[in-house]
S.K.: 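Got a structure for you, written out below as structure tokens; questions coming shortly.
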Amino acid sequence: MGFRSEEEVSAPRGRVAPDDLPPSYFLSAGYDGKQEKAFLRLYEPESRQVYLWYDNTSHLSYAVSKETPEQLRGNRRLMDYPGFLTLERVEKFDAIADEPVMVTKVVATNPLAIGGGAGGGIRNIIGETWESRIRYYQNYIYDRGLIPGMPYRVEAGNLVPVEYELPEDIQAEMQEAFAKEDPEFRDNMMEWARLLQCPVPVMRRVAVDIEVYTSVANRLPNPDEAIEPITAVSFAASDGLRRVILLNETGEAAALPVIEGAEVAFYEDERSLLAEVFRVLDEYPVVLTFNGDNFDLRYLKNRAQNLAYSNDEIPITLGRRFAYLRNGLHIDLYRFFMNNAIRVYAFGNRYRENTLDAVSGGVTGRKKLEVGAINDLTFEELARYCLNDADITYGLTSFNDDLAMKLMVIMSRISKQTMEDLTRMGVSRWILALMEWEHRQRGWLIPNAQDILLAKGGTTTTAMIKGKKYKGAIVQDPKPGVHFGVTVLDFASLYPSAIRNWNLSYETLLCSHEDCKTNMVPGTSHWVCTHKRGMTSLIIGSLKDLRVLRYKPLAKDPSLTPEERTYYNVVQAALKVFLNASYGVFGAESFPLYCPPLAESTAAVGRYAMTRAIEESTRLGIDVLYGDTDSVFLAHPTQEQVDRLTAWTDRELGIDLDIDKEYRYAIFSKRKKNYLGVFADGSVDIKGLTGKKRHIPPLLSNAFMELTTILGGVETPGEMPEAKKEIQVLVESVYAKLKDRDFDLNEIAFRVMLGRKLSAYETNPQHVKAAKMLRDQGTPIDMGDIIRYVITKNGVKPVQMAANRDVDINKYVDHLESMFEQLLDALDMDFDTMVGRPKQTSLGKFFGA
DNA sequence: AGCTATGGCCGGGCAC
DNA sequence: GTGCCCGGCCAT
């Protein structure tokens, strides 16, 4: 820690907001080290520019201490910094003790003097503190109640919120819809709705992509050294700009490539090429990249420095992990789309790998151009390739009516983080930022992790899985076999509902009131407060109600325009991301509000709801085929039975049980989390079955897909025998293909991702073995790489090093068998019989030997 | 400096 | 051989 040089924080430049800036959206905040002032970036949709607005405050960084100012003044280290700190006595509310508390606010009058602004420096100096982990600009936002992504206006040099009020008809409609709600929840929901309904501006933006010459084939250029020249840069922007600039240093009379709908230009020296790049970057309020934090912007900055550009001339500032622009926002889409919560809950797992090609292909259907080695491309090929990358990068934000941009703005409003932070941080930081903001609004002390742990203790249940901290969800044993007419019901937002209905929050669990101690959470030895509404319960509960009662229905409302439905769909998706993460973070040690009893109680209420719903189903005479966490699979229930069950859960548990899907028929094996369901239209829903997994060789997974297609065609039990014949033919043909070695090596390659660096493996699994062979042969290998290998008689070989004759066919037949078996078992079919092998039982082996 | 959780299946590797 | 753990991938 200690002093941080001013050079590290480069002054922003660009347009300073006039004193009468019309309504503009607050997008980003920071600290200008040169002026020692806080600044906000405000996006003004009419001029389509970002303006800087300066605030005279410099009190951005502070901590709160239990010690009195007198005690703190006795701290020798503190007195080393007399000019930078002020001490102020303030009252806060200690939610854990449920009483007010006087504390000392230690303010760093120059945040840069204190550990780079993170506040860690203050903690180091004065010891035990609260609230010192907050990034300095967040203090600024929290203390003023500013909401990123919302409109503000500059009037006579002051920042004034533009109060967006819900239109009266919407207000009335919501008041009516939420009439049954507790008023505390209703008020909260109205405030959230105000943020969520406020129009999202269309943001002018440009995507940029660079190509670099590589002298060594297969080696990625090093952005920190930036030794090799930048050969092409492309832009694709929301205002229609599509431009490629190419480096043609030799000055040879090469023909300028012609690309329809795009400008192409040659630059004879790299320095002027860079000048042009910086000019374009400076023109846009938002710049998009795919991996610009680690590559494109880093390379541009360092390359420019190598070419003797001064820092002031380069509009890029590099942090240790991120790259920022001095005149706008840099959004690295790689980071945003790689965020697990975004991938799974916002984009339905439509991509699984961390490449532009995979993400773009999965989300928008647009792929990278297939080309050979970059160095060997003609100018035209290089230009088209590079431009396509910029095009599809921009496409990630423009598809579906700017869905991704809207998602970012809405989530930034919910989490109270700027878009730059939101897109770079994980879901636990989003929820933390939201919780911290709420604490400040209420004048609550933000507790340290130890404070919560000390007051609330650990867990009291025992996990099913060794090494886990507490018991999680229930998974019912499935009833194996083929079942026609299966209805799947699931609890809408089970865990958020549990948090809401049971008033779960770190301060309400195990509260200090004697009379609450009988109010037990089922299945635990924890009690919960009966006097006060918990903060987590209120926030998560309101968001959940808003999603279930308002935004999910609106997203499907046929009376709305497609644009309106799309918008509401974005809102409900954003809420879903927060809700789904809200339970898990409290069980994560890394989360600063870690509260084991809270996570444990949430899961316990979930088990309670699930168990009681299954009991009630049985009581109603419905056969429960399977259940997992929050869903029950029912064998041909009548409409009346379903109605009675859902009415029961609503009445008894206060949780909505909805019809999730209906299968014409479903196949269960004896394994949990493994089944196949066929919808009325013949489409197939596959869960957990090996044949669907990413690492399975295409030859096997394609065969599996064919199997499911055959099953998808079955409409009645009477058609099953015919399908079985088709399956017989399929199995024989795949078996023959293997036996005849009639395949390309890529078809039978397992594709497994390296979860860590090679050196970090303690064991030697197959994909690691193959990776090591590749490495020894000279291929660079890193975490996240997907290793393709085939199984050979002596172990494994990477595809690149194997030959067809090396392949151990029997191993592949075994894989084929185990994969098919999961479904064939339930169909009373036997793989060995089908391929004419003797049955591989231990008894058979014994007698056959 | 990466971090929401637990439950479950599968194959391979290793110790006994 | 059996049992256990690891690593990857998935369900919720």
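Predicted model, so just to flag it, every value in this text is computed and none were measured.
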S.K.: To the side chain of A/Lys811, which of B/dG12, B/dG7, B/dC9 is closest?
M.R.: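 Ranking B/dG12, B/dG7, B/dC9 by closest atom to the A/Lys811 side chain puts B/dG12 first.
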S.K.: As a test of reading the structure: which of B/dC9, B/dT4, B/dG11 is closest to the side chain of A/Ser818, going by heavy atoms?
M.R.: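 My answer, after comparing the listed nucleotides, is B/dG11.
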S.K.: Does A/Lys673 come within less than 4.0 Å of A/Asp628, counting only side-chain N to carboxylate O?
M.R.: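 A salt bridge links A/Lys673 with A/Asp628.
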S.K.: Residues of residues 766-774 of chain A with any non-hydrogen atom less than 4.0 angstrom from an atom of DNA chain B: list those, numerically ordered, please.
M.R.: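 Contacts with DNA chain B under 4.0 Å: A/Gln766, A/Lys769.
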S.K.: On DNA chain C, which is the earliest and which the latest nucleotide, 5' to 3', with an atom closer than 4.0 Å to a heavy atom of chain A?
M.R.: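 Listing 5' to 3', DNA chain C meets chain A from C/dC5 to C/dT12.
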S.K.: For A/His483, check ring-ring contact (aromatic ring centres under 6.0 Å, His included) against everything at least two apart and list the hits.
M.R.: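 For A/His483 the ring-ring contact (aromatic ring centres under 6.0 Å, His included) partners, ignoring immediate neighbours, are A/Phe668.
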S.K.: Kindly write out the residues that satisfy ring-ring contact (aromatic ring centres under 6.0 Å, His included) with A/Tyr324, not counting sequence neighbours, or none if the list is empty.
M.R.: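 Scan of A/Tyr324 (ring-ring contact (aromatic ring centres under 6.0 Å, His included), adjacent residues dropped) gives none.
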S.K.: Would you mind telling me which of B/dG7, B/dT4, B/dG12 lies closest to the side-chain atoms of A/Asn340?
M.R.: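 Out of B/dG7, B/dT4, B/dG12, the nucleotide with an atom closest to A/Asn340's side chain is B/dT4.
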S.K.: Tell me, which pairs form a side chain to side chain donor-acceptor pair (under 3.5 Å) where one or both residues lie in residues 603-613 of chain A, sequence neighbours left out?
M.R.: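 The answer is A/Tyr608-A/Arg612.
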S.K.: How many whole angstroms separate atom CD of A/Glu817 from atom P of B/dC10?
M.R.: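 One finds 13 Å between P of B/dC10 and CD of A/Glu817, rounded.
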S.K.: Return each pair, listed once, that meets salt bridge (Lys or Arg N to Asp or Glu O under 4.0 Å) where at least one residue sits in residues 589-605 of chain A; pairs must be two or more places apart or across chains.
M.R.: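 As it turns out, the salt bridge (Lys or Arg N to Asp or Glu O under 4.0 Å) pairs with a partner in residues 589-605 of chain A, which skip direct neighbours, are A/Lys469-A/Glu589.
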S.K.: Please enumerate all residues that pass ring-ring contact (aromatic ring centres under 6.0 Å, His included) together with A/Tyr345, with sequence neighbours excluded.
M.R.: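 In terms of ring-ring contact (aromatic ring centres under 6.0 Å, His included), with neighbours along the sequence ignored, A/Tyr345 is linked to no residue.
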S.K.: Report all side-chain donor-acceptor pairs from residues 579-586 of chain A shorter than 3.5 Å, counting only partners two or more places apart or in another chain.
M.R.:
| from | atom 1 | to | atom 2 | distance (Å) |
| --- | --- | --- | --- | --- |
| A/Asn580 | ND2 | A/Lys576 | O | 3.2 |
| A/Ser582 | OG | A/Leu579 | O | 2.6 |
| A/Tyr583 | OH | A/Tyr470 | OH | 2.9 |

S.K.: Show the atom names and distances, to 0.1 Å, of all donor-acceptor pairs under 3.5 Å that link a side chain in residues 747-760 of chain A to residues at least two apart or in another chain.
M.R.:
| from | atom 1 | to | atom 2 | distance (Å) |
| --- | --- | --- | --- | --- |
| A/Glu747 | OE1 | A/Asp744 | N | 2.9 |
| A/Arg756 | NH1 | A/Ala760 | O | 3.4 |
| A/Lys757 | NZ | A/Asp782 | OD1 | 3.3 |

